[in-house]
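Computed from a prediction, not measured in an experiment: that's the story for all the values here. All ligand and atom numbering here is 1-based and tracks the order in the structure.
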Amino acid sequence: MKAMILKKLGNLHDNKTPLELTDFPAPQPGNKELLIEVSVCGVCHTELDEIEGRTPPPELPLILGHQVVGTVNKTGEQATRYHSGDRVGVAWIYSACGSCTFCESGRENLCPEFQATGRDQNGGYAEFMTVPERFAYRIPDCFSDSRAAPLLCAGAIGYRSLKLTGLENGMHLGLTGFGASGHLVLKMVSYRYPDSEIHVFARNPKERGFAMELGAAWAGDTTDESPRKLDAIIDTTPVWRPVVEALKNLKPGGRLVINAIRKEDRDKNHLLTLDYPEHLWMEKEIKSVANICRRDVTEFLALAAEMRMQPEVEEYPLEEANKALYELKTGKIRGAKVLII
Ligand SMILES: [Zn+2]
Ligand SMILES: [Zn+2]
């Protein structure tokens with residue numbers, strides 16, 4: 001099968017083509033697994049973290065990609081949930097043990113045996129992939145394959161971050177960073193919390209313009225002070241400056257939710273500008289988002305279908321995965337990038 005594979009880790013600025021188009025052996029489904037013929041796979045910032053070694057795959061070569069939409073091609077002997085031809089999706093959670101205290105309390109995202117799609121197991125930058133059937137999702141009919149793909153990570157993790165903010169209607173939310181996840185969170189908040197204002201912080205004027213087009217109350221630079229203090233802010237940036245800058249814009253008791261699997265170290269020194277009374281005192285909180293639970297994905301897909309959410313997508317052929325990743329790295333973002341297999 002055709003696949004874009006990762007053979008060696010390294011910085012994208014040093015090697016702009018980390019993935020190689022290869023003819024790779026197609027996988028076979030295990031007992032309770034599905035073989036999926038991939039139609040579309042979303043491109044996520046986490047892939048940069050993998051390629052650049054911040055969350056390195058345990059084994060190489062590897063097929064990246066964890067926002068997968070395709071059809072069931074074959075089912076394992078004991079797989080009963082889906083049939084050949086069913087349209088399904090796969091998200092970042094590839095599997096969890098199912099029996100630890102985290103799994104049993106609905107926090108399988110924290111399971112010590114958590115495995116990630118396209119990191120711990122091969123993902124969707126290929127014509128086929130396998131997945132345990134319990135970790136596949138039906139895709140509501142109202143979404144095309146391309147528009148469904150970014151819902152599986154950017155959207156679902158955005159949904160989880162929004163849940164973790166504790167936002168209620170009328171409370172005001174900030175978004176620092178405005179990529180794939182941010183724009184979907186903005187749409188969710190406008191729908192669910194119509195009396196809540198959304199303030200967007202982004203370096204790139206185009207992203208700020210995009211946020212205003214989508215209904216943000218205000219958009220400014222990462223370091224700007226928002227016109228009002230905010231109840232919660234979600235950070236989707238890969239760096240540290242926005243973390244410190246966001247804290248100054250929180251209300252007393254406000255919460256910053258960091259939606260990132262890893263942060264880069266390049267501006268870590270900025271943390272030294274943290275001023276306790278300005279940034280943290282008054283019971284401000286910082287919470288991170290870790291991975292994703294199946295429940296987040298199913299709840300979010302239902303919500304997205306109900307509100308007829310149509311994410312903005314930019315399509316690339318599979319062979320141009322390196323280009324899509326490089327553009328993501330260099331901040332050329334409008335909506336979500338997807339690969340057409
Ligand atoms: Zn992702
Ligand atoms: Zn577990």
Problem - His66 backbone or side-chain N/O/S under 2.8 Å from the Zn ion (ligand 1) - result: yes
Handout entry: Test item: Arg255 side-chain N/O and Leu164 main-chain N/O as donor-acceptor pair under 3.5 Å
Key = yes
Completion exercise
Here the vertex angle at the Zn ion (ligand 2) for SG of Cys103 and SG of Cys111, given to 10°, is 110°
Practice task
Give a yes or no on whether the ring-centroid distance for Trp240 and His270 is below 6.0 angstrom.
Solution key: no
Completion exercise
Angle subtended at the Zn ion (ligand 1) by Cys44 SG and Cys153 SG, to the nearest 10 degrees, is 130°
Exercise for the section: Measure centre to centre between the rings of Phe201 and Trp218, then say whether the value is under 6.0 Å. Expected result: yes
Exercise for the section: Decide whether a cation-pi geometry holds between Arg294 and Phe135; the criteria are a distance under 6.0 Å from NZ or CZ to the six-membered ring centre and an angle within 45° of the ring axis. Expected result: yes
